[in-house]
Amino acid sequence: MSWGTELWDQFDNLEKHTQWGIEVLEKYIKFVKERTEIEIGYAKQLRNLSKKYQTKKNSKEEEESKYTSCKAFQTTLNEMNDYAGQHEVISENMTSQITAELTRFVQELKQERKSHFHEGRKAQQHIETCWKQLEASKRRFERDCKEAERAQQYFEKMDADINVTKADVEKARQQAQIRHQMSDDSKGEYSSVLQKFNREQNDHYYTHIPGIFQKLQDMEERRIGRMSDSLKTYAEIDRQVVPIIGKCLDGITKSAESINGKQDSQMVIESFKSGFEPPGDVDFEDFTQSMKRTVSDNSLTNTKADGKSDAKVPSKSRGKLWPFIKKNKPPPPPPASASPSAVPNGPQSPKQQKEPLSHRFNDFMTSKPKIHCFRSLKRGTQFDSYHKGMMKRTLGKPTCAFEAREYVVSPPVID
């Protein structure tokens, strides 16, 4: 089927259809351009995403990258970077193989279409001109025929009238002959123009227009074929990167399979192992023994006898504490007395139950001597000389811990 023979009278419709075909091709080109922009943007976003989560140098993440799970994640980021590169390849190939080629092809189609329709319009204008010449020749022939007929009728009228002179009749006869001659000439011209128009019309509808329409049909079929090839190229460009993308995905799968939970657990042990042993059992400290003892005025002798056993109470061996438990602070020492009357069991104080010797001893050993307490005592007394002697023995390095404890518990009474 040919456009030239089947669509010889559809010049305007063919013009619209070919224009629509070019617009379809331009729409496809625009689609491919937007696809390339999307691929470029997607690749850029993937690269930025991969870069964002890459391990930073000289940071804590670099130390954590030794674990198999972190290594697998880093491998995934690298594979995604290569994956983004394949999308850039898709964009580049579509731009060079489809967009650029089709853009040039569309320009060629527009020029070719313009040329064909220009030629078709020239053929139409030529046939219209021939038709106008035929119409003019036909009207002239018709007019001349009518003039010749009127001249003939006038001549016959003058010839039948007996009152008309012979000269007038001859003049009418000559005028009729002239009109007949003009009519014959117009008839010949009309016949010639008609034959010419028929030839031109035959050439127009059976040679020129079919040839032009055939060229338009070939152009349209070439456009459709080129679009078909471009669609195949479009699919082939995607298909070319599929193996590489598959390798990227295989790399991610392989890195996932390399994750070893036991190995990571062992690395955690190697990283955070302190070398300490777990704490032992805490010994029981019995504080009720000091509470059961009774203190009297002559308890110094008993204290000397029991000093060794009592002093051993706070020195019991204790288990090693857990490294993260804070040690308990010792209880604060009792406030120092400002006068001798404040000393427990003194001459002016009633008898009262005393604190455990272990607490008093620890308070004394951990606190500095309150020298101002001794200065508050009266000078020149036996009590003052006693304290001076004790200061020599207890200040600095004490010579006997038991004597120091004895002094703290109950100093002697001076009469």
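For reference, positions follow the sequence shown, starting with 1. Any value given below was found using the heavy atoms of this structure, including those in side chains, with hydrogens, waters and symmetry copies removed.
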Report the residues that fulfil side chain to side chain contact (heavy atoms under 4.5 Å, CB included) with [X], sequence neighbours left out, ordered by chain and then residue number.
X    : answer
T233 : Q97, I98, I237
Q19  : E23, R113
I259 : T68, S69, A72
T95  : T36, S91

Smallest separation among heavy atoms of [X] and [Y], with atom names:
X    : Y    : answer
E79  : C248 : OE1-CA, 3.2 Å
S50  : Q54  : O-CG, 3.0 Å
Q175 : A151 : O-CB, 4.0 Å
H87  : L46  : CD2-CD1, 4.4 Å
M80  : I252 : SD-CD1, 4.2 Å
V241 : V89  : CG1-CG1, 4.2 Å

As an exercise, state the distance from [atom1] of [X] to [atom2] of [Y], rounded to the nearest 0.5 Å.
X    : Y    : atom1 : atom2 : answer
L216 : E221 : CG    : CD    : 11.5 Å
L77  : Y83  : CG    : OH    : 15.0 Å
E189 : M182 : CD    : CE    : 11.0 Å
R199 : C130 : CZ    : SG    : 10.0 Å
L7   : I209 : CG    : CD1   : 12.0 Å
W131 : H204 : CH2   : NE2   : 13.0 Å

### Query
With the threshold set at 4.0 Å, does a side-chain nitrogen-carboxylate oxygen contact exist between E15 and R121?
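Result for this pair is yes, salt bridge flagged.
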#### Entry: Lys/Arg N to Asp/Glu carboxylate O, R35 vs D238, below 4.0 Å
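Yes, R35 and D238 are salt-bridged.
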### Task
Output all residues satisfying salt bridge (Lys or Arg N to Asp or Glu O under 4.0 Å) with E220, sequence neighbours left out; order by chain, then residue number.
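Per chain and number, E220 pairs via salt bridge (Lys or Arg N to Asp or Glu O under 4.0 Å) with R223.
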Is a donor on one side and an acceptor on the other found under 3.5 Å between the side chain of [X] and the backbone of [Y]?
X    : Y    : answer
T18  : L14  : yes
S265 : G261 : yes
S191 : K187 : no
S96  : E92  : yes
N78  : Q74  : yes

[X] and [Y]: side-chain donor and acceptor closer than 3.5 Å?
X    : Y    : result
D168 : T165 : yes
E236 : N93  : no
K66  : S271 : yes
Q177 : Q181 : no
Q214 : S2   : yes

Under the ring pair (Phe, Tyr, Trp, His ring centres under 6.0 Å) test, which residues partner [X], sequence neighbours left out?
X    : value
F31  : Y234
F11  : F117, F213
H126 : none

### Message
Enumerate the ring-ring contact (aromatic ring centres under 6.0 Å, His included) contacts for residues 90-109, please, sequence neighbours excluded, ordered by first and then second residue.
### Response
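Residue pairs passing ring-ring contact (aromatic ring centres under 6.0 Å, His included), neighbours aside: none found.
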#### Entry: Pairs where residues 146-187 contributes a residue and the test ring-ring contact (aromatic ring centres under 6.0 Å, His included) is met, not counting sequence neighbours
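Residue pairs with at least one partner in residues 146-187: there are none.
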Does any non-hydrogen side-chain atom of [Y] lie less than 4.5 Å from one of [X]?
X    : Y    : answer
L194 : K138 : no
L231 : Y28  : yes
V106 : I29  : yes
P210 : W8   : no
Y206 : T5   : no
R140 : R143 : yes

### Query
For residues 99-112, which residue pairs qualify under side chain to side chain donor-acceptor pair (under 3.5 Å), counting only residues two or more places apart or in two chains?
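Those involving residues 99-112 are E26-K110, E101-R104, E112-H116, E112-R222.
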### Task
Kindly state each residue pair satisfying side chain to side chain donor-acceptor pair (under 3.5 Å) with at least one member in residues 242-258, sequence neighbours excluded.
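Every pair satisfying side chain to side chain donor-acceptor pair (under 3.5 Å) with a residue in residues 242-258: there are none.
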### Message
With side chain to side chain contact (heavy atoms under 4.5 Å, CB included) as the criterion, how do M267 and Y67 come out once you've worked through the C-alpha distance, each side chain's angles and the decisive distance to 0.1 Å?
### Response
CA-CA 7 Å; M267 289 183 180; Y67 300 106; 3.6 Å; yes
### Query
Do the rings of Y53 and F73 sit parallel, tilted or perpendicular, given the 30° and 60° boundaries?
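Rings of Y53 and F73: perpendicular, as their planes differ by over 60°.
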#### Entry: side chain to side chain contact (heavy atoms under 4.5 Å, CB included) evaluation trace for W3 with H17
CA-CA 12 Å; W3 287 6; H17 177 76; 4.1 Å; yes
### Message
Run the side chain to side chain contact (heavy atoms under 4.5 Å, CB included) test on E119 and K122 for me, step by step, so that the C-alpha distance in whole Å, both residues' side-chain angles and the decisive distance to 0.1 Å come before the verdict.
### Response
CA-CA 5 Å; E119 185 180 355; K122 283 182 64 176; 5.6 Å; no
### Task
Walk me through it: do E142 and K146 pass the test salt bridge (Lys or Arg N to Asp or Glu O under 4.0 Å)?
CA-CA 6 Å; E142 183 181 4; K146 290 179 179 181; 3.6 Å; yes
### Task
Evaluate the side chain to side chain contact (heavy atoms under 4.5 Å, CB included) criterion for residues K44 and E88: first the C-alpha distance (whole Å), next the side-chain angles of each, then the deciding distance (0.1 Å), finally the verdict.
CA-CA 9 Å; K44 184 178 180 180; E88 292 176 348; over 6 Å; no
